[in-house]
Amino acid sequence: MSLLAVAGLTKRFGGVVANRDVSFDVRPGELVGVIGPNGAGKSTLFDLITGVLRPDAGDVRLDGRSILGQRPDEIACLGVARTFQKLRPFPEMTVVENVMIGAFQKTSDVAAARAASLRALEAVGLADRAEAYARALSTGQRKRLELARALATGPRLLLLDEVTGGVDQATVPALVRLVRELHARGLALIVIEHNMRVIMEIAERIVALQLGEVIARGTPSEIMQDRRVIDAYLGEAWRA
């Protein structure tokens, strides 16, 4: 059985169709990449999966059961966590306090939440910054903070929205290693990524979107050679 099954998701904003009949699945422990140009509907798809938005049509199933209509916090408690493209930590709170916001999804005990948060910070390589204020972090460190906060919820499925976006090229390899480490621990991931070299490296399967529709699904090698993906997103230079 699939861990997550997305079936026929459609979302309209007035006359604009952000997602149209999007379907794919994620198996336990699998890493699925989502690619497409700006405006393809990638972040909207994450909003639909996590309950931020309600679709106009279609269904989202976790462990075979529909989670439509559930609030984001309820979906998080079921084991689905996400990061966001725009980094908005609470700047006047410490790093560990920011992560504890995620940990409180699982416990109301402050000591237990702090302990879970410190474990999450250790996992993302940010334990030495636990007592620093979030405002003092670099962009790459804020990416790790986002990851830690999501991990503190105890997810089975983690949705990453451009985890390497906006960081300098020297920081990218360490973030890629971190994603690989999380995957190696058995965590299922859906990763939105514009850096094609990154997504080709880490994804087991890729879903390509264009104007809200799925135009291709397959392995990285299949996607790289798909004419629809080349025309809509990669370009001939990539193929060469």
Side-chain angles (χ1 to χ4, degrees), residues 31-40 42-47 49-50 52 72-73 76 80-106 110 112-155 157-185 187-203:
L31 197 160
V32 175
V34 177
I35 65 171
N38 291 332
K42 303 183 297 297
S43 293
T44 299
L45 176 62
F46 273 18
D47 287 344
I49 292 172
T50 57
V52 175
D73 61 299
V80 180
R82 71 174 291 185
T83 65
F84 292 85
Q85 184 178 346
K86 293 182 179 180
L87 302 174
R88 293 177 179 172
F90 295 95
E92 301 306 317
M93 295 170 64
T94 66
V95 169
V96 70
E97 288 169 344
N98 268 268
V99 179
M100 286 172 69
I101 293 169
F104 281 130
Q105 284 289 101
K106 293 293 185 179
V110 174
R114 182 178 177 83
S117 298
L118 290 172
R119 289 193 297 271
L121 287 170
E122 182 70 34
V124 303
L126 211 56
D128 62 334
R129 303 289 285 164
E131 301 304 330
Y133 285 103
R135 65 172 181 267
L137 299 184
S138 67
T139 300
Q141 290 171 330
R142 290 186 181 196
K143 293 280 187 179
R144 290 174 181 268
L145 172 57
E146 278 274 303
L147 269 170
R149 187 162 50 197
L151 289 174
T153 68
L157 174 63
L158 181 58
L159 284 61
L160 303 181
D161 196 344
E162 296 194 33
V163 69
T164 68
V167 302
D168 61 86
Q169 289 303 303
T171 304
V172 170
L175 289 172
V176 172
R177 284 195 299 272
L178 177 55
V179 173
R180 281 177 161 164
E181 288 169 6
L182 296 176
H183 183 220
R185 295 177 188 178
L187 187 62
L189 296 104
I190 308 176
V191 180
I192 293 174
E193 185 57 66
H194 276 295
N195 188 322
M196 288 304 300
R197 297 193 183 280
V198 168
I199 205 68
M200 294 293 177
E201 268 187 57
I202 64 175

Visitor: Side-chain donor-acceptor contacts of residues 166-179 below 3.5 Å, not counting sequence neighbours, with atom names and distances?
Guide:
{"from": "Asp168", "atom 1": "OD1", "to": "Ala170", "atom 2": "N", "distance (Å)": "3.1"}
{"from": "Asp168", "atom 1": "OD1", "to": "Thr171", "atom 2": "N", "distance (Å)": "3.1"}
{"from": "Asp168", "atom 1": "OD1", "to": "Thr171", "atom 2": "OG1", "distance (Å)": "3.0"}
{"from": "Asp168", "atom 1": "OD2", "to": "Thr171", "atom 2": "OG1", "distance (Å)": "2.9"}

Visitor: Other residues, nucleotides and ligands only: do more than 12 of their heavy atoms fall within 6.0 Å of OH on Tyr133?
Guide: no
Visitor: Hey, are Arg180 and Glu201 close enough for a salt bridge, meaning a charged N less than 4.0 Å from a carboxylate O?
Guide: yes
Visitor: At what distance, to the nearest 0.5 angstrom, does CZ of Phe104 lie from CZ of Arg114?
Guide: 10.5 Å
Visitor: Side chains of Leu137 and Arg144: closer than 4.5 Å at any heavy-atom pair?
Guide: no
Visitor: What is the minimum heavy-atom distance between Ala134 and Asn98, and which atoms define it?
Guide: CB-ND2, 3.6 Å
Visitor: Taking it one step at a time, do Met93 and Ile101 satisfy side chain to side chain contact (heavy atoms under 4.5 Å, CB included)?
Guide: CA-CA 11 Å; Met93 295 170 64; Ile101 293 169; 4.0 Å; yes
Visitor: What are the two closest heavy atoms between Pro155 and Ala150, and how far apart are they?
Guide: CD-O, 3.5 Å
Visitor: Heavy-atom distance under 4.5 Å between the side chains of Asp161 and Leu159, does that happen here?
Guide: no
Visitor: Are the side chain of Lys42 and the backbone N or O of Pro37 linked by a donor-acceptor pair below 3.5 Å?
Guide: yes
Visitor: Residues in side chain to side chain donor-acceptor pair (under 3.5 Å) with Thr139, at least two apart?
Guide: none
Visitor: Between Ala113 and Ala103, which heavy-atom pair has the shortest distance, and what is it?
Guide: O-CB, 3.5 Å
Visitor: Give the intermediate values and the outcome of side chain to side chain contact (heavy atoms under 4.5 Å, CB included) for residues Lys143 and Thr164.
Guide: CA-CA 8 Å; Lys143 293 280 187 179; Thr164 68; over 6 Å; no
Visitor: Please round to the nearest 0.5 Å and tell me the distance separating atom CG of Leu157 and atom CZ of Arg82.
Guide: 11.5 Å
Visitor: Grab the two heavy atoms, one from Ala152 and one from Lys106, that are nearest each other, plus how far apart they are.
Guide: O-CG, 4.5 Å
Visitor: Do you know which of Leu160, Leu31, Leu147, Val124 makes side-chain contact (heavy atoms from CB on, under 4.5 Å) with Leu182?
Guide: Leu147
Visitor: Looking at Val99 and Ala148, what are the two nearest heavy atoms and their distance?
Guide: CG1-O, 3.6 Å
Visitor: Please determine whether side chain to side chain contact (heavy atoms under 4.5 Å, CB included) holds for the pair Leu151 and Leu187, giving the CA-CA distance in whole Å, both sets of side-chain angles, and the decisive distance to 0.1 Å.
Guide: CA-CA 10 Å; Leu151 289 174; Leu187 187 62; 4.0 Å; yes
Visitor: Does this structure show an ion pair linking Glu146 with Arg149, if we count only N-O contacts that are shorter than 4.0 Å?
Guide: yes
Visitor: When rounded to the nearest 0.5 angstrom, what distance separates CG in Leu45 from OG1 in Thr50?
Guide: 9.5 Å
Visitor: If we only count heavy atoms from C-beta on, is the Val52 to Pro72 side-chain gap below 4.5 Å?
Guide: yes
Visitor: Side chain of Arg142, backbone of Arg88: donor and acceptor closer than 3.5 Å?
Guide: no
Visitor: Starting at CZ of Phe90, measure out to CG of Leu145 and round the result to the nearest 0.5 Å.
Guide: 10.5 Å
Visitor: If you apply the rule side chain to side chain contact (heavy atoms under 4.5 Å, CB included), what do you find for Leu158 with His183, and how did you get there?
Guide: CA-CA 10 Å; Leu158 181 58; His183 183 220; over 6 Å; no
Visitor: Side chains of Val96 and Glu131: closer than 4.5 Å at any heavy-atom pair?
Guide: yes
Visitor: Which pair of non-hydrogen atoms, one from Thr94 and one from Ala130, has the smallest distance, and what is that distance?
Guide: CB-O, 3.7 Å
Visitor: Could you check if a side-chain atom of Ile192 sits within less than 4.5 angstrom of a side-chain atom of Gln85, using non-hydrogen atoms only?
Guide: no
